[in-house]
Amino acid sequence: MRCPPLGRPRPASADQVPADAHFYAVYHHLRLTLEARGHPVPQARNRNSGARVALARNHADLPVLPIAAAAAFEPDHRLWPDPASICTVTGFFTSLAAVREISGLTQHEVSRRSAGGISTASISRLVNRDGLPATWTTTAAYLSACGVPDSQIRQWHSTWQELR
């Protein structure tokens, strides 16, 4: 006996995927949904820790970061990423990398502009890490060397503190 199609899968929006989603939660939801529709239900095979693998959004599919409205009124008219729109650690580092790209500077130039505050290797580690830095000083020096206005650096600091 052939089962009727379940329909096209729909991508979940960010508010539909809980922060602590893992394979077991997906399996449980799928099982309940299929059972309610009278479809065959899958069998769980969670003999090891595979069912506890965390799920996350694909960051390559994230929307483009909104631009700070106030940035248009800055003297240099550069449109910096809005730190208030950052809600994930990965988004924080993606926005940090975007700051350097918008500034038009290379990592070496940012290092030089920081007057010895941060090395080129530190800049690379800063934008390519998985967790937030333990201290704010390197991030502040990076943003300042890229030319981000002090008012926005304070907003970045607030975002950094919220994500910790």
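Annotation: side chain of I153 is not in contact with side chain of T139 (no heavy-atom distance under 4.5 Å). The shortest distance between side-chain heavy atoms of V99 and V148 falls below 4.5 Å. Taking the side chain as every heavy atom from C-beta outward, Q155 and S158 never approach each other to under 4.5 Å. By the 4.5 Å heavy-atom criterion applied to side chains, L126 and I123 are not counted as neighbours.
A ring-ring contact (aromatic ring centres under 6.0 Å, His included) with W156 holds for exactly one of F93, F92, W136; it is F92.
The two residues C146 and W80 have their closest heavy-atom pair at O-CH2, 3.3 Å. Between V110 and A145, the shortest heavy-atom contact is O-CB, 3.5 Å. For Y142 against V127, the heavy-atom pair with the smallest separation is OH-CG1, 3.8 Å.
Note that CZ of R125 and OG1 of T120 are 10.5 Å apart. Values are rounded to the nearest 0.5 Å. Taking NE2 of H157 as the start and CG of D150 as the end, the distance is 13.5 Å to the nearest 0.5 Å. L163 CG to T88 OG1: the interatomic distance, rounded to the nearest 0.5 Å, is 7.5 Å. A distance of 11.0 Å separates OG of S124 from CZ of R129, quoted to the nearest 0.5 Å. Distance check: T159 OG1 to L132 CG gives 10.5 Å after rounding to the nearest 0.5 Å.
Under the 4.5 Å side-chain heavy-atom criterion for ILVMFWY residues, no single connected hydrophobic cluster contains both L34 and L32.
Judged by distance alone, with hydrogens and angles left aside, the side-chain atoms of Q152 form no donor-acceptor pair with the main-chain N or O of P149 at under 3.5 Å. Of the possible donor and acceptor atoms, one in the side chain of T94 sits under 3.5 Å from a partner among the backbone N and O of T90. A donor-acceptor pair under 3.5 Å links the side-chain atoms of S95 to the main chain of G91, judged by distance alone.
A donor-acceptor pair shorter than 3.5 Å cannot be found between the side chains of R100 and S103.
Counting heavy-atom neighbours within 6.0 Å of D130 CG, excluding the residue itself, gives a total of 12 or less.
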